[in-house]
4 protein chains.
Amino acid sequence: MSDTNVADFPQNNEQATTDVGGVAGDRLKSFIERVERLEEEKTALMEDIKEVYGEAKSVGFDIKIIRKIIRLRKMDGEKRREEDELLELYKAAIGMHS
Amino acid sequence: MSDTNVADFPQNNEQATTDVGGVAGDRLKSFIERVERLEEEKTALMEDIKEVYGEAKSVGFDIKIIRKIIRLRKMDGEKRREEDELLELYKAAIGMHS
Amino acid sequence: MSDTNVADFPQNNEQATTDVGGVAGDRLKSFIERVERLEEEKTALMEDIKEVYGEAKSVGFDIKIIRKIIRLRKMDGEKRREEDELLELYKAAIGMHS
Amino acid sequence: MSDTNVADFPQNNEQATTDVGGVAGDRLKSFIERVERLEEEKTALMEDIKEVYGEAKSVGFDIKIIRKIIRLRKMDGEKRREEDELLELYKAAIGMHS
DNA sequence: ACCGTGGTTAGCTTTC
DNA sequence: GAAAGCTAACCACGGT
């Protein structure tokens, strides 16, 4: 935390939190840390998602198909074309080559 | 959930969970729903992040600057980790196992 | 080159280059071939890189180490650039235009 | 070149090129620089490719379609499915919605 | 409203 | 064949 603290860049390290160069240091720092905390959580979530996919894969599912299904459900409606692709994937997965 | 349930596609809708076309329907459905739940959380998090940025902006900060600082700080962390890994590699190369 | 010429797909094969279905055939073809040529060069370059690694390996170096060093050096460059950009941003924020 | 020279890390800076810790410094440095040079060229090429796409776009072409054509030509054969997608894209481009 | 940039995801290659 | 790193494609945001 101390060595490469970029956020402190235009800031004095005296006791108080006051402005330097027109930038309210502490306020800024607080925003930065809030974002960083949220991004950490987001990263954790992304890892969780990956794990679920890994689990599904290890049980024999085709991740590509699952992803497509999820995307499809999100779109939900329009894009019938995607459904066609899914159908093709299913057929390929079953070994039913078109 | 009922209208465009693509996941059910190659599946019979009888009572049980059994295989259809080599795909274990219920198992699949469970994976899909877990991912969807996690992605919802992720979306919420992304909204939170946006809010923080918005708040910062409304108080006069430049979002671009904040983003760059955060990226820089992330790079610091990554760089340090890479350096540690490199050191490990060197040690291993010399035969100095940790 | 002649057998599966997909690019010609929506095109008439008459003498001239004119539009078919709203797509200017010759123009399109030219772009495609330029990209393909560049990608060939890129592929060659990637092979060269591989060769260098192979050579290094054959002389006893640990490729993993070399890769990591290169990545680290690249990060250094990127970080410096980012820092410069941040400085510019700060200056702009203060109204100190370079 | 002088400040963060990671490659020099476990190396003495005396006059000669000799081994330190079992690693032949100069030799290593040479490999690293060769790779870096090649990667620079590769990056330049990637930029050129982007430019071509940009040019095509500025003249009204749909980059997505061009990419798909190029991919298709590279695959050349197998993957009739891709061709179907291309057909759909064409139809959409022309405004002929399926 | 468009463009450019940056961040996310997906596919591929390569390594263990 | 599983895991990771790399590359490429995609998408969304912010700025102009």
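Chain A is the first sequence line, chain B the second, and so forth, proteins listed ahead of strands; every chain is numbered from 1. Just so you know, these numbers come straight off a predicted model, no measurement behind them.
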Test side-chain contact (heavy atoms from CB on, under 4.5 Å) on C/Glu41 and C/Leu45; report intermediate values, then the result.
CA-CA 6 Å; C/Glu41 291 180 47; C/Leu45 234 21; 5.8 Å; no
Length of the CG-C1' vector between C/Leu86 and E/dT5, whole Å
17 Å
Could you check how far CG of C/Leu89 sits from P of E/dT5, rounded to whole Å?
14 Å
Is there side-chain contact between C/Lys79 and B/Asp76, with heavy atoms separated by less than 4.5 Å?
yes
Any donor-acceptor pair under 3.5 Å linking the side chain of C/Thr43 with the backbone of C/Glu39?
yes
Provide, to the nearest angstrom, the distance between the CD1 atom belonging to D/Ile66 and the C1' atom belonging to F/dC10.
17 Å
Can you tell me the distance, in whole Å, between the CG atom of A/Leu45 and the P atom of E/dG7?
19 Å
Give the B/S/- string for nucleotides 11-16 of chain F, one per nucleotide from 5' to 3', where a protein heavy atom under 4.0 Å of the base yields B, of only the sugar-phosphate yields S, and otherwise -.
--SSS-
Residues B/Glu33, B/Arg37; criterion side-chain contact (heavy atoms from CB on, under 4.5 Å); working and verdict
CA-CA 6 Å; B/Glu33 283 166 356; B/Arg37 216 157 308 134; 3.5 Å; yes
To the nearest angstrom, how far is D/Glu47 atom CD from F/dT7 atom C1'?
15 Å
Within 45 degrees of the ring normal and closer than 6.0 Å to the centroid, is that where the cationic atom of C/Arg27 sits relative to D/Phe61?
no
Starting at CD1 of D/Ile70 and ending at P of F/dT7, how long is that distance when rounded to a whole Å?
19 Å
To the nearest Å, give me how far apart CD (C/Glu39) and C1' (E/dC12) are.
15 Å
Salt-bridge contact C/Lys91-C/Glu88 (side-chain N to carboxylate O under 4.0 Å)
yes
Measure the distance from NZ on D/Lys68 to P on F/dC10 and round it to the nearest whole Å.
7 Å
